[in-house]
Visitor: 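Sharing a structure here in structure tokens format.
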Amino acid sequence: MLPIQLFKHDKDLVLSGLRKKNFKDLDLVDKIITVDESRRHMQLEYDNLAATLNAAAKNIGLHMSKGEKHEAEQLKEMVALHKEQSKNISQKLSDFETELQDLLVRLPNLPHSSVPFGKTPEENEVVRTGGDMPVLGEHKLPHWELAAKYSLIDFELGNKITGSGFPVFHGQGARLQRALINYFLNYNIDAGYKEYCPPFMVNEASAYGTGQLPDKEGQMYHAVEDNFFLIPTAEVPITNIYRDTIINEQELPIKMTAYSPCFRREAGSYGKDVRGLNRVHQFDKVEIVQLAHPAKSYELLEEMVSHVEHLLKNLELPYRILRLCGGDMSFTSALTYDFEVFSAAQERWLEVSSVSNFENFQANRMKIRFRDGNSKTQIVHTLNGSSLALPRIIACLLENNQNANGINIPEVLKPYFGKSMIS
RNA sequence: GGGGCGUUGCCUGAGUGGCCUAAAGGACCGAAUUGCUAAUUCGGCGUAUGCCUUAAAGUGUACCGAGGGUUCGAUUCCCUCACGCCCCGCCA
């Protein structure tokens with residue numbers, strides 16, 4: 001949610017930002033300014049009346065204690081006269097406040113100045129590429145065939161137990177999964193992130209805080225009886241740890257990491273996009289989150305990018321880093337880098353991480369603040385990224401490292417996996 | 001599932017209708033003092049939102065889990081809901 005002050009002082013900045021993000025309903029901006037003016041006007045009216053009535057109530061008490069019944073009665077009559085009016089005004093004030101809130105949550109975050117113009121994924125900017133493209137023979141297999149050949153993942157069994165998009169990892173497949181989770185977590189902890197193991201279901205307030213509600217409830221699984229939502233990413237419980245708190249400035253930045261399964265309904269997806277591990281309803285991911293001083297957040301964003309990049313280097317996978325264009329960025333983000341790895345048998349790039357700075361957009365909603373040097377409260381910046389999402393990493397590891405004898409395990413994973421090859 | 005007790009500021013925690021302008025302590029900020037990784041003393045210090053200011057300052061209002069009600073006046077009394085803790089039951 002954008003802070004209201006922005007509209008008063010920097011309307012043009014808001015408008016140009018929304019245009020870059022390819023947001024259509026620009027009339028909302030003027031509407032917000034109008035409603036805000038009405039709100040302030042009504043607040044002034046209410047405050048003045050309330051001040052009068054409060055003073056009267058106090059004086060009634062004083063008169064009563066001195067036994068001046070007549071004066072007290074007169075004041076009571078005056079108060080009674082304004083009672084209806086006071087109710088009216090306060091109702092109108094709260095209507096304006098609600099309306100303003102409803103309008104504000106419909107506006108997306110504004111993009112950072114470095115965000116490229118553009119509307120579609122084709123217009124994303126490739127920042128850099130790395131890693132070596134594998135050279136595979138004619139008999140290269142896609143990961144779902146490798147998964148069957150070496151008994152790693154059973155997609156059919158998942159259909160039976162739950163439904164499509166819930167693969168069952170077993171044997172060496174399950175072990176590879178666990179190896180990756182442990183490696184990622186240790187790597188993050190070594191970089192100063194505190195490890196959490198959060199709840200995998202959240203309440204409405206948490207889902208609202210990170211922006212899944214009010215709009216995107218269709219993308220989450222909902223336990224109706226208890227009104228809990230299965231998390232689509234660990235970002236939700238982890239960022240909400242600090243919801244409604246004021247942090248001491250010297251504690252920033254706060255760095256957190258967590259493994260969690262992620263649940264996504266992915267309604268409407270079909271075809272080759274969902275083949276094998278490309279898109280599933282439940283998958284594992286290790287997430288990193290930072291709460292940052294506004295002056296430092298972009299520096300920290302770059303640090304997170306290079307952190308994730310090193311993970312991919314260590315896994316010896318060919319990757320590229322994209323700076324997303326305005327039209328392809330998420331609703332809440334100010335700047336996003338996507339990481340894609342090349343899936344050598346499918347011959348396509350697969351997204352495995354998305355690292356974003358949300359500036360104060362999420363924190364404003366969640367009321368995560370810090371006290372600055374002048375002991376004023378300011379809203380923190382939030383950042384997060386995947387480090388990393390597992391299924392597509394596994395897909396690429398299998399496809400890119402296949403050879404006649406089996407599948408090679410990258411050096412860094414060997415201690416976690418326990419052997420050097422899947423065969 | 002049954003019964004009991006709770007929810008107060010950045011944190012801990014008092015407060016049963018009007019000196020609550022919310023005690024006290026911690027943390028934090030400032031000053032004084034002391035030669036050893038800090039202690040002591042004094043002072044300051046809630047959040048949000050208006051108004052007025054270039055700004056600081058000043059000042060109004062709201063906020064004691066949420067929403068309603070009673071009252072001239074509610075942290076305090078009543079109702080509804082949410083959440084938490086304890087005991088019992090069931091269970092890993």
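By convention in this document, chain letters (A, B, ...) are assigned in the order of the sequence lines, proteins followed by strands, and residues within each chain are numbered from 1.
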Visitor: To the nearest angstrom, how far is A:Asn59 atom CG from B:C19 atom P?
Guide: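 Whole-Å distance recorded here is 13 Å.
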Visitor: Just by distance, with hydrogens left out, do A:Gln91 and A:Asp95 show a side-chain donor and acceptor under 3.5 Å apart?
Guide: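 Their side chains do contain a donor-acceptor pair, which is all the 3.5 Å distance test asks for.
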Visitor: Looking only at atom P, what distance separates B:A74 and B:G2, rounded to whole Å?
Guide: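 Nearest-Å result for B:A74 against B:G2 at atom P: 35 Å.
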Visitor: Just grab all the side-chain hydrogen bond (donor to acceptor under 3.5 Å, both in side chains) pairs involving residues 109-119 of chain A, residues at least two apart or on different chains.
Guide: A:His112-A:Ser114
Visitor: Distance-only, no hydrogens or angles: does the A:Glu37 side chain make a donor-acceptor pair with backbone N or O of A:Thr34 under 3.5 Å?
Guide: no
Visitor: Hey, can you tell me if A:Tyr221 and A:Phe263 have their rings parallel, tilted or perpendicular (30° and 60° cut-offs)?
Guide: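 The arrangement is perpendicular - the two ring planes meet at more than 60°.
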Visitor: Any Lys/Arg nitrogen of A:Arg371 or A:Glu251 sitting under 4.0 Å from an Asp/Glu carboxylate oxygen of the other?
Guide: no
Visitor: Can you tell me the distance, in whole Å, between the CG atom of A:Leu53 and the C1' atom of B:G18?
Guide: 16 Å
Visitor: If you find the nucleotide of RNA chain B closest to A:Ile4 and the one closest to A:Lys76, which residue's nucleotide is nearer the 5' end?
Guide: A:Ile4
Visitor: How long is the line joining CD1 of A:Ile247 and P of B:G46, in whole Å?
Guide: 20 Å
Visitor: Report the distance from atom CD of A:Gln101 to atom P of B:U49, rounded to the nearest whole Å.
Guide: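 About 11 Å, once rounded to whole Å.
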Visitor: Within 45° of the axis and under 6.0 Å from the centre of the six-membered ring of A:Tyr259, does NZ or CZ of A:Lys285 qualify?
Guide: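 Ring-cation test returns no.
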Visitor: When the C1' atoms of B:C83 and B:A48 are considered, how many whole Å apart are they?
Guide: 23 Å
Visitor: How far, in whole Å, is B:C5 from B:U80 if one measures between their P atoms?
Guide: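 Each nucleotide's P atom is 15 Å from the other's.
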Visitor: If the cut-off is 4.0 Å, is A:Thr377 near the phosphate of B:A48, judged by side-chain N/O to OP1 or OP2?
Guide: yes
Visitor: Just by distance, with hydrogens left out, do A:Ser164 and A:Asn159 show a side-chain donor and acceptor under 3.5 Å apart?
Guide: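 Absent: no donor and acceptor within the cut-off.
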Visitor: Donor-acceptor check, side chain of A:Asn240 to backbone of A:Arg243, threshold 3.5 angstrom: yes or no?
Guide: no
Visitor: With C1' as the reference atom in both, quote the distance from B:U47 to B:U70 in angstrom, rounded to an integer.
Guide: 29 Å
Visitor: Please list, for nucleotides 80-84 of chain B, all pairs of protein and nucleotide N/O atoms separated by less than 3.5 Å.
Guide:
none

Visitor: Ignoring hydrogens and angles, tell me if any N or O in the side chain of A:Asp226 forms a donor-acceptor pair with the backbone of A:Phe228 under 3.5 Å.
Guide: no
Visitor: Could you give the distance separating B:U12 and B:A23 at their C1' atoms, to the nearest angstrom?
Guide: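 Roughly 14 Å separates the two C1' atoms.
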Visitor: So that I know where these two stand, are A:His307 and A:Tyr187 an aromatic pair - ring centroids less than 6.0 Å apart?
Guide: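 Yes, the ring of A:His307 comes within the 6.0 Å limit of the ring of A:Tyr187, centre to centre.
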Visitor: For nucleotides 56-69 of chain B, give me one character per nucleotide, 5' to 3': B if any protein heavy atom sits under 4.0 Å from the base, S if the only such contacts are to the sugar-phosphate, - if neither.
Guide: ----BSS-------
Visitor: For nucleotides 6-12 of chain B, tabulate all protein N/O to nucleotide N/O atom pairs closer than 3.5 Å, reporting atom names and distance.
Guide:
none

Visitor: Could you state the NZ-P distance from A:Lys58 to B:C20, rounded to the nearest angstrom?
Guide: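 Spelled out: NZ on A:Lys58 to P on B:C20 is 10 Å.
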Visitor: Please work out which of the three classes, parallel, tilted or perpendicular, describes the rings of A:Phe331 and A:Phe361, given edges at 30° and 60°.
Guide: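 Rings of A:Phe361 and A:Phe331: perpendicular, over 60°.
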Visitor: For residues A:Glu340 and A:Glu351, report the shortest heavy-atom separation together with the two atoms involved.
Guide: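 Looking at all heavy atoms of both residues, the shortest contact is CG-CA, 3.9 Å.
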Visitor: For the P atoms, the ones on B:C78 and on B:U59, what distance do you get once it is rounded to whole angstrom?
Guide: 37 Å
Visitor: Any stems for RNA chain B, made of 3 or more Watson-Crick or G-U pairs in a row, each with both distances under 3.5 Å?
Guide: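 So far as stems of 3 or more pairs are concerned, RNA chain B shows B:1-7 with B:82-88, B:10-12 with B:24-26, B:28-32 with B:40-44, B:46-51 with B:58-63, B:65-69 with B:77-81.
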Visitor: May I ask you to check whether A:Tyr183 and A:Tyr416 place their ring centers less than 6.0 Å from one another?
Guide: yes
Visitor: Please check this pair: side chain of A:His143 against backbone of A:Leu398, looking for a donor-acceptor N/O pair closer than 3.5 Å.
Guide: no
Visitor: Atom pairs under 3.5 Å, N or O on each side, protein against nucleotides 51-53 of chain B: can you list them with distances?
Guide:
residue	atom	partner	partner atom	Å
B:C51	OP1	A:Arg40	NE	3.2

Visitor: Hey, does the side chain of A:Glu123 reach the backbone of A:Thr120 with a donor-acceptor pair shorter than 3.5 angstrom?
Guide: yes
Visitor: Would you mind checking if A:Lys92 and A:Glu45 are paired as a salt bridge, meaning a charged N to carboxylate O distance below 4.0 Å?
Guide: no
Visitor: Please give the distance between the C1' atoms of B:G68 and B:C51 as a whole number of Å.
Guide: 30 Å
Visitor: Treating A:Ser333 as the side-chain partner and A:Met329 as the backbone partner, does any N or O pair qualify as donor plus acceptor under 3.5 Å?
Guide: no
Visitor: Using the C1' atom in both, what is the distance from B:C87 to B:C29, to the nearest Å?
Guide: 46 Å
